[in-house]
**Q** 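Would you mind keeping the following structure in view while I ask a few things?
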Amino acid sequence: MLRSPRAIPYLLLLPSIVVIAAVVLVPVLVSLWSSFTPYNLTRPATLFTFVGWRNYQRLFANADFWWAFGRTLVFVTVALNLELVFGLALALLVNRVTTGRKTIRTIMMFPMMFSPILVGFQFKYVFNDSVGILNNALFSLGLITRPIPWLVNGALANFSILAAEIWMSTSIFAILLLSGLLALPQDPIEAAKVDGCNPVQVFRHITLPFLMPFIYIAMTIRSLDVARAYDMVRIMTNGGPAGRTELLWTLIARVGYQNSQMGMANAMGYVSILTSIAFTFYFYRKLSLSRRYMGGAE
Amino acid sequence: MAEVHLSKVVKRYGALEIVHGIDLDIAHNEFVVLVGPSGCGKSTTLRMIAGLEEISGGTISIGDRVVNSLPPRARNISMVFQNYALYPHMTVRENLGFGLKIARQSPAVIEQRVNEAADILGLSPLMDRLPANLSGGQRQRVAMGRAIVRNPDVFLFDEPLSNLDAKLRGQMRVEIKKLHQRVKTTVVYVTHDQVEAMTLADRIVIMRDGHIEQVGTPIDLFERPVNTFVAGFIGSPPMNQLEAMIGSRPAGPVAVLADGTELPLPPEFAGRVTADQAVIVGFRPENLYPAGHGIPAAGQTLDMDRTVSLSEPLGTETMLFLDFGGREVQAKMLNPRLVAPGERMPFKLDLGHLHVFDRASGKSLRA
């Protein structure tokens, strides 16, 4: 049977099938299975106890989970929108520059060259209430008389994490949108000027619709990136104070590795991954809608 | 009323001067075509009128307003671009109405004007399509419709037909001419195609290297080109141009060609040429024809037998290539019959339509 001509394609594909199964398929299936078990790292035998939807039921009844879930959603929304606005402004500015644009583009990419862990350490130092450069600067300028507890107060801690995230990733938006601006055909813009548009109207009616596909691509990529935020939060606040900056993945890591409740952690992971898929789906829909008419520009 | 006046208009990019102080007066409702080879400054001039390029020197006025420092939106002009420049994310209807919407016209007015334009241009069945789903000719029509809905003082066309295939170009040319007869407005039209210039223009402006070479009606330019450049640019196929020396004979001046042939010059050149002057003699292909196959000359002809090296049958006429005066020239044969290469035929050259240019300056020696 192995010698039959119909088997040859499958035999040739077999090595890759084996590799994919080993590194993707089996882990996915095992983790999916474990989300239906009370799997605890300290008691391996629990992996074989099927409990049905129990993890998910507990999860949905768990306020900590919903707080982390909601906080992640807010975090993604606020970070993405601010990064979009800042990135767009940055791209529009750089687009006006005629000499040295390449150098500026390279400089813009500096924040992306650092590991998020290091960015986390750096901002932890910046926002440190006693030795941090920010508080010291505010003191020296006479703007504050008492140190501001940036990473200790819940709201301020979230703000600090957002600031670090935006510092690191705005340039990704800027680069993607700049490439859109550079590809922007000049003709419709000139036509709009002749048609009576002032610069703001040109931007609103011509430039922005043209940029929408680029914006949605950036949004898709970045929504996945921000939704899996872990490293920077882990370093800066570790979810604290008192869980006020706990995001989905910091919570999942805590449940899985510190509490060893791997079954529960996997159930949480699946919920967050399905959410991310929903986000991606939404942005792709928007993307293909906005791209529909961009074929006939010339 | 919208005349357009250009006075000593200069365009510089850094140290490089593209347009060297041109003067041009365009009358109300006149259709003026700027024509010339690529790089002659015609598009730049048009874009300066539109306000898409800054004017480095001189003044441009539309009506009685100097527009030098006005942005395009304040000039009340419309422009049709070479690549149509439609708004890709708007339907045909939205494209047509965009300018009116920006001008804050009421929806009823927009609707009415857009429908009028669509009727004129036959766009009514396409109103809800996006530009991506239109053919080249349809896009061109939308671009023109977008220009006419706004009732501008001046229409500017920047090589609007050069992206269309030959057949469609001919059709659209006729449509543009009809459109101008219907929607009387001042038009400035840029093209590199002399046929478009000849067929459309009330007046043609021929440009080269940032200078205006000649301004005149199509017939003017065809019959009385002021220099060898205009002579070679207007007319298809171009005028035959031969190097010659002026000789003086008792009957009047003659042009002596490189092979010794003597062409008696028309009387209008008497006194305008001097003996031994180096000149270029020009004649159009239709003024050199096989005996019995041309428009009979009113005056004197030069008769000769020549061998045809190549023939191009075009249907109503055949172009013949033959050696004359030391060069290959083209002759036009009306009522053609099949001509085999190498065939020897009697030719007639109509001496009444000779052009003579000074060889050094290229300028016409005609009065």
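The chains referred to below are lettered A, B, ... by the order of the sequence lines, with proteins before strands, and numbering in each begins at 1.
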**Q** Of the backbone (N, CA, C, O) and the side chain (C-beta and beyond), which part of B/Arg47 lies under 4.5 Å from a heavy atom of chain A, both, or neither?
**A** side chain
**Q** Start with the C-alpha gap between B/Phe31 and B/Tyr189, add the side-chain angles, then the distance that decides, and say whether ring-ring contact (aromatic ring centres under 6.0 Å, His included) holds.
**A** CA-CA 7 Å; B/Phe31 198 125; B/Tyr189 186 108; 5.7 Å; yes
**Q** Only one of B/Arg173, B/Glu159, B/Glu196 passes side-chain hydrogen bond (donor to acceptor under 3.5 Å, both in side chains) with B/Thr191; say which it is.
**A** B/Glu196
**Q** Heavy atoms only, distances under 4.5 angstrom: which of B/Gly99, B/Ala103, B/Ala147 has the most pairs with chain A? Name it, please.
**A** B/Gly99
**Q** Answer yes or no: is there an ion pair linking A/Asp231 with A/Arg234, defined by an N-O contact shorter than 4.0 Å?
**A** no
**Q** Side chain, backbone, both or neither: which part of A/Glu190 has a non-hydrogen atom closer than 4.5 Å to chain B?
**A** both
**Q** For B/Arg203, is there an ion pair with B/Glu30 - N to carboxylate O distance below 4.0 angstrom?
**A** yes
